[in-house]
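Written out below as structure tokens is the structure these notes cover.
Side-chain atoms are counted along with the backbone in the values below, which use heavy atoms only and exclude waters and symmetry mates.
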Amino acid sequence: MVRLLRDIAAGDQSALRSLYDLTSPKLFGIVLRIQRDRSLAEDVLQDVYLKVWQAAGSYNPENGRPLPWLCTIARNRAIDGVRRKSEVQGPVHEDGEDWLERLADPRSGEGALLDRDALKVCLGRLDAVQAECVMLAYCEGWSREELARRHDKPVNTIKTWLHRTLASLKGCLEGAR
């Protein structure tokens, strides 16, 4: 595996495929034990191999064997996914109603529920702070200036976050159809 990681660091995609074939069952098991939701665990596993692709050059065999290094990446990505999921549940109103529940009219049928579920999945894939900004701006009516003060960021940064986050949501939701 050390050689595969060296080859991946050099940009060899076939080495990444070989590493995936060798290690994905074990890493998926780790992720699934933490994530519990199979489809989200599959997304996390993809993120694990993206991280491996990006970080293979930082692997140092003197610090330990490759499999524990890979397991650590998988474990950390799965924990990050669980944290993001819990952070992106969205604001709850004083009456206790989740903002996502208000997005789709429950009387509008199954299509609205499926759309809401797709939105939840797509929001769960976003950076938690940026997802919160979109929710507050478009569901609660917060201004860019209010968001900038809340997150101690320039207004132009908030504008960029909103634009990019909406583009990501659009792409994700189009892929879910």
Side-chain angles (χ1 to χ4, degrees), residues 1-90 100 103 110-135 151 153 157 159-177:
M1 273 195 264
V2 173
R3 182 172 172 206
L4 286 174
L5 287 171
R6 254 187 260 132
D7 292 346
I8 292 167
D12 184 351
Q13 293 179 1
S14 65
L16 183 63
R17 173 44 101 186
S18 296
L19 184 70
Y20 179 89
D21 291 342
L22 283 171
T23 60
S24 62
K26 174 142 183 90
L27 298 184
F28 185 68
I30 291 168
V31 170
L32 192 56
R33 277 194 301 275
I34 295 168
Q35 187 58 250
R36 302 263 184 223
D37 180 312
R38 188 171 194 84
S39 66
L40 292 176
E42 290 168 355
D43 290 341
V44 169
L45 186 66
Q46 181 180 359
D47 190 41
V48 167
Y49 286 98
L50 177 62
K51 178 66 176 176
V52 169
W53 177 259
Q54 295 167 341
S58 69
Y59 171 72
N60 183 353
E62 294 173 7
N63 292 338
R65 296 183 4 231
L67 191 57
W69 183 75
L70 293 167
C71 291
T72 300
I73 291 172
R75 180 182 172 279
N76 291 342
R77 289 295 182 190
I79 291 170
D80 289 346
V82 169
R83 285 182 184 147
R84 267 194 313 270
K85 183 179 176 186
S86 66
E87 289 171 357
V88 179
Q89 294 303 312
L100 270 175
L103 287 179
E110 186 177 329
L113 294 175
L114 294 174
D115 288 347
R116 189 177 65 219
D117 289 343
L119 181 60
K120 282 184 179 181
V121 168
C122 291
L123 283 169
R125 294 178 180 168
L126 297 173
D127 173 82
V129 173
Q130 293 175 13
E132 179 193 51
C133 283
V134 166
M135 293 184 296
H151 295 288
K153 299 287 182 192
T157 298
K159 286 181 186 178
T160 301
W161 282 3
L162 292 173
H163 177 74
R164 289 182 181 166
T165 304
L166 286 175
S168 292
L169 275 175
K170 180 181 177 190
C172 180
L173 290 170
E174 287 174 350
R177 290 186 181 151

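- With values rounded to the nearest 0.5 angstrom, Leu169 atom CG is found 11.0 Å from Arg125 atom CZ.
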Inset, instruction - Carefully, step by step, assess Thr157 and His151 under the rule side chain to side chain contact (heavy atoms under 4.5 Å, CB included). - result: CA-CA 10 Å; Thr157 298; His151 295 288; over 6 Å; no
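- For the pair Arg17 and Asp21, the salt-bridge criterion is met [side-chain N within less than 4.0 Å of a carboxylate O].
- Side-chain N/O atoms of Ser24 and Tyr49 include no donor and acceptor closer than 3.5 Å.
- The nearest pair of heavy atoms linking Leu126 to Ser168 is CD2-CB, 3.8 Å.
- In Gln46, the CD atom is not crowded: 12 or fewer heavy atoms of neighbouring residues, nucleotides or ligands sit closer than 6.0 Å.
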Inset, instruction - For side chain to side chain contact (heavy atoms under 4.5 Å, CB included), just list the numbers for Trp53 and Leu19, CA-CA rounded to whole Å, side-chain angles, deciding distance to a tenth of an Å, and then say yes or no. - result: CA-CA 10 Å; Trp53 177 259; Leu19 184 70; over 6 Å; no
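- With contacts defined as side-chain heavy-atom distances shorter than 4.5 Å, the pair Val129/Trp161 qualifies.
- The closest donor-acceptor contact from the side chain of Tyr59 to the backbone of Arg6 lies at 3.5 Å or more, if one exists at all.
- Heavy atoms only, all atoms of each residue included: Ile30 and Cys71 are closest at CD1-SG, 3.4 Å.
- Here the CD1-CD1 distance, from Ile79 to Ile34, works out to 4.5 Å after rounding to the nearest 0.5 Å.
- Pairing each heavy atom of Leu32 with each of Ala41, the nearest pair is CD1-CB, 3.8 Å.
- Residues Ala74 and Leu27 share a closest heavy-atom pair of CB-CD2, 4.0 Å.
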